[in-house]
Protein chains: 2
Amino acid sequence: MARRRTTLKDVAEEVGVHTSTVSRALNPETRHFIRPEVAERILAVSERLNYRPNAAAYSLRTNKTRIIGVVIPDIANPVFPPIIRGIEDVLSERGYLAILVNSEPHNARHGAVLDALQSRGVDGLIMASLELGDSIIRGMIDDGLPAVTVNRRAEDADVPSVTNDEDQGMRLILEHLKALGHTRVANLAGPQSISTGKERFEAFRRHARAMGFDTSEDLVVFSQRLNEAEGERCAAELLDALSGFTAIVASNDRLAVGAISLLRRRGIACPAEMSVTGFNDMPMVDRFEPPLTTVRVQQYEVGRLAASMLMKRLDGGELEPSEEHIVVPVELVVRASTARVR
Amino acid sequence: MARRRTTLKDVAEEVGVHTSTVSRALNPETRHFIRPEVAERILAVSERLNYRPNAAAYSLRTNKTRIIGVVIPDIANPVFPPIIRGIEDVLSERGYLAILVNSEPHNARHGAVLDALQSRGVDGLIMASLELGDSIIRGMIDDGLPAVTVNRRAEDADVPSVTNDEDQGMRLILEHLKALGHTRVANLAGPQSISTGKERFEAFRRHARAMGFDTSEDLVVFSQRLNEAEGERCAAELLDALSGFTAIVASNDRLAVGAISLLRRRGIACPAEMSVTGFNDMPMVDRFEPPLTTVRVQQYEVGRLAASMLMKRLDGGELEPSEEHIVVPVELVVRASTARVR
DNA sequence: CGCGCCGGTGCAAACGATTGCATTGTCGGC
DNA sequence: GCCGACAATGCAATCGTTTGCACCGGCGCG
């Protein structure tokens, strides 16, 4: 019944030594200062009394919490769970814990959430939620808080990042569509306030031009958010505004899924009459109707890398310039939402 | 550049009062002890110096961390993100933060993970990951750590829980199948070491009998895990062992999805030749082929309720007996994986 | 045989907040 | 004009660790 937790002092008294001796014996780094037989007794007793170090006291003294803040827009977005799992796996291997916070809706929570994390004294930050031009994160980094971004990147080149090869992904998609005979494809682009949205859009434009696609300005529509409803809305906008295009390249899977729903509602067959591509290869999109052609990004791996990167920085290692920004390769996975143009 | 954080003492010196005065002025509960104009000056200065209380010191003194441990099997399982979002939303409203840990693979991590949480001094625990007969959690509760389970429940009736109405869900499914003319349906049951698996299986048996379904023992197969591969394996086992049944009632959506994959591979049409039902209504299953008939559970709401419950206990409120175990209503959502028997 | 060194421990001061109690000053009542 | 009460603030202990430094005994070496 809520009996007091056992402390260093309890162990020390039981063994008949000073607390500092116990502390040293329990820490592998300093254990060699202590005579082996004493250390052994201490280990045994602390085991028997079920001693657990008090993390608050440790933190107060050392200024380390062994806690990492993980900030994502919305855990309910299927893109993020694998990333988080990757992060959590490497953190826990290293004895760190993750505090998870959702930052959406952005304006309301972003600042407050980061405040709370900072106040808790997290040792570092992994940000999956970050808009271009965000200044709060800058402030925290200036305060000396190690941070890395994952999936997205910041404007400042000096905040380390792990991202996917957006450029390559877009190239693969366009090559694929070209091989299928498409020449006029629309781009359902993501918000330009987010690095992925911007990079994918720019990659689309660059490669489309290079490959000789029709590059009229009006073949692109920008979404405000990254969900299915917005995908529907934007697809409708495209269809209403123009015709003659045979494929829609969406900035991510959720937009693509929304677009496909709209096509179905309008009686336009996908892929027979209109090809649609996604980006991310979220879990389960292979089971959709039609199974989605998309770009597979290594979510889990990206999460692991970001966490490893942060760990390295916390170990005091400066990152090599080549390690500051890791971009992870992607691959095209062709399923059934794309087809040869008629 | 990592300048020292400002402390109570800094503020006190700047204002020309004692730290205790600052402490009181900053705490709304004790602010009335302080003369309004002094309090105001303190507020202003602490704002200007960007004062953030040191959570470690606070915790050390008060034995509260305002952190809740959230233990789930695997965040990558689509059932959990909405729950977590629900939890996180109410926690953050109350100034609490969530530490998230994945406990799978179970044997390897369960104990270690809970140790880490306890050592961090979390104020409470929300467990979505819990097997019947688990003793570790018992120990923690006996140590006085408030805990609630979500989605699953413990064997001990005295650990509060928020769960779904499994019984009602199964009844709705069987009624639906009966109305479609099915009389011989197989049960792809979940692991019996988990409360949901067990309850759904028992509900199936009870209602199947009551409604006059064929209740041969061999019409049920127990899965070891709750994923698609296992769904495929178990469905294969059923098909190989017997015939003449016209529907498969799976214990959850992932098993159902696996079963459908297997049916397709064997050239058995779903739902024309075999109806399949799921349970949970995970995000996106409405977009599968065929769209899945399943039971909608209110994941987000369940998460919110569990967190609220825990908050209430932390506020010192004993729970009314009627609040100890909340079961949230479910509803049947009929889509296209079930059809009238031929 | 004496001195210095060093391996093994103990001592005590932090870390930054909270909080019961002591202290001061003011004012009202008689 | 004095005393008691009360409002406002200061004092200092405390939470459980870590860690620089002091201490002590024994041993090796000259």
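Just so it is clear: chains get the letters A, B, ... in the order the sequence lines come, proteins before strands, and each one is counted from 1.
Here the closest non-hydrogen pair linking A:Ala25 and A:Leu43 is O-CD2, 4.0 Å.
When side chains are defined from C-beta on, B:Ile68 counts as touching B:Met311, because their heavy atoms get closer than 4.5 Å. Looking only at side-chain heavy atoms (C-beta outward), A:Leu100 and B:Ile75 stay at 4.5 Å or farther from each other. Side chains of A:Asn50 and B:Gln118 form no contact here, defined as non-hydrogen atoms less than 4.5 Å apart.
A donor-acceptor pair is defined here as one N or O able to donate and one able to accept, closer than 3.5 Å; such a pair exists between the side chain of A:Arg41 and the backbone of A:Val15. Judged by distance alone, the side chain of A:Thr65 and the main-chain N or O of A:Gly121 form a donor-acceptor pair under 3.5 Å.
Of the listed nucleotides (C:dG16, C:dT9, D:dT9), C:dT9 has the atom at the smallest distance from the side chain of A:Arg35. Distance from the side chain of A:Asn54 is smallest for D:dT17 among the nucleotides C:dA17, D:dT17, D:dT9. Candidate nucleotides D:dT9, C:dA17, C:dT9 were compared by shortest atom distance to the side chain of B:Phe33, and D:dT9 ranks first.
Atom pair A:Arg24:CZ and C:dC11:P shows a separation of 12 Å (rounding to whole Å applied). Residue A:Arg52 contributes atom CZ, which lies 21 Å from atom P of D:dC15 at whole-angstrom precision. Rounded to whole Å, atom C1' of D:dT17 lies 13 Å from atom CG of A:Asn63. Atoms CZ (A:Arg120) and P (C:dA17) sit 14 Å apart, rounded to a whole Å. What separates CG of B:Leu60 from P of D:dA13 is a distance of 17 Å, to the nearest Å. Between the C1' atom of C:dG16 and the OH atom of A:Tyr58 lies a distance of 17 Å, rounded to the nearest Å. Atoms NE2 (B:His32) and C1' (C:dT19) sit 13 Å apart, rounded to a whole Å. Across the protein-nucleic acid pair, A:Arg31 atom CZ and C:dT9 atom P stand 14 Å apart, rounded to whole Å.
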Which is it for A:Asp74 and A:Arg225 under the salt bridge (charged side-chain N to carboxylate O under 4.0 Å, His left out) test, yes or no, and what are the steps along the way? CA-CA 12 Å; A:Asp74 181 8; A:Arg225 320 202 64 236; over 6 Å; no
Report the C-alpha separation of A:Tyr51 and A:Leu26 in whole Å, then their side-chain angles, then the decisive distance to 0.1 Å, and conclude whether the side chain to side chain contact (heavy atoms under 4.5 Å, CB included) test is met. CA-CA 10 Å; A:Tyr51 169 73; A:Leu26 258 27; 3.7 Å; yes
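Residue order along DNA chain C, read from the 5' end via each residue's closest nucleotide, puts B:Ala57 first among B:Thr30 and B:Ala57. Both B:Ala39 and B:Thr62 lie near DNA chain D, and the one whose nearest nucleotide falls closer to the 5' end is B:Ala39.
Contacts between residues 7-20 of chain B and DNA chain C, defined by a heavy-atom separation below 4.0 Å, involve B:Thr7, B:Leu8, B:Ser20, listed by number.
Summarising the geometry, atom OH belonging to B:Tyr96 is positioned 10.5 Å from atom CD1 belonging to B:Ile67; distances are rounded to the nearest 0.5 Å.
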Heavy-atom contacts, protein to nucleotides 23-28 of chain C, under 4.0 Å, summarised as B (base), S (sugar-phosphate only) or - (none) per nt, yield ------
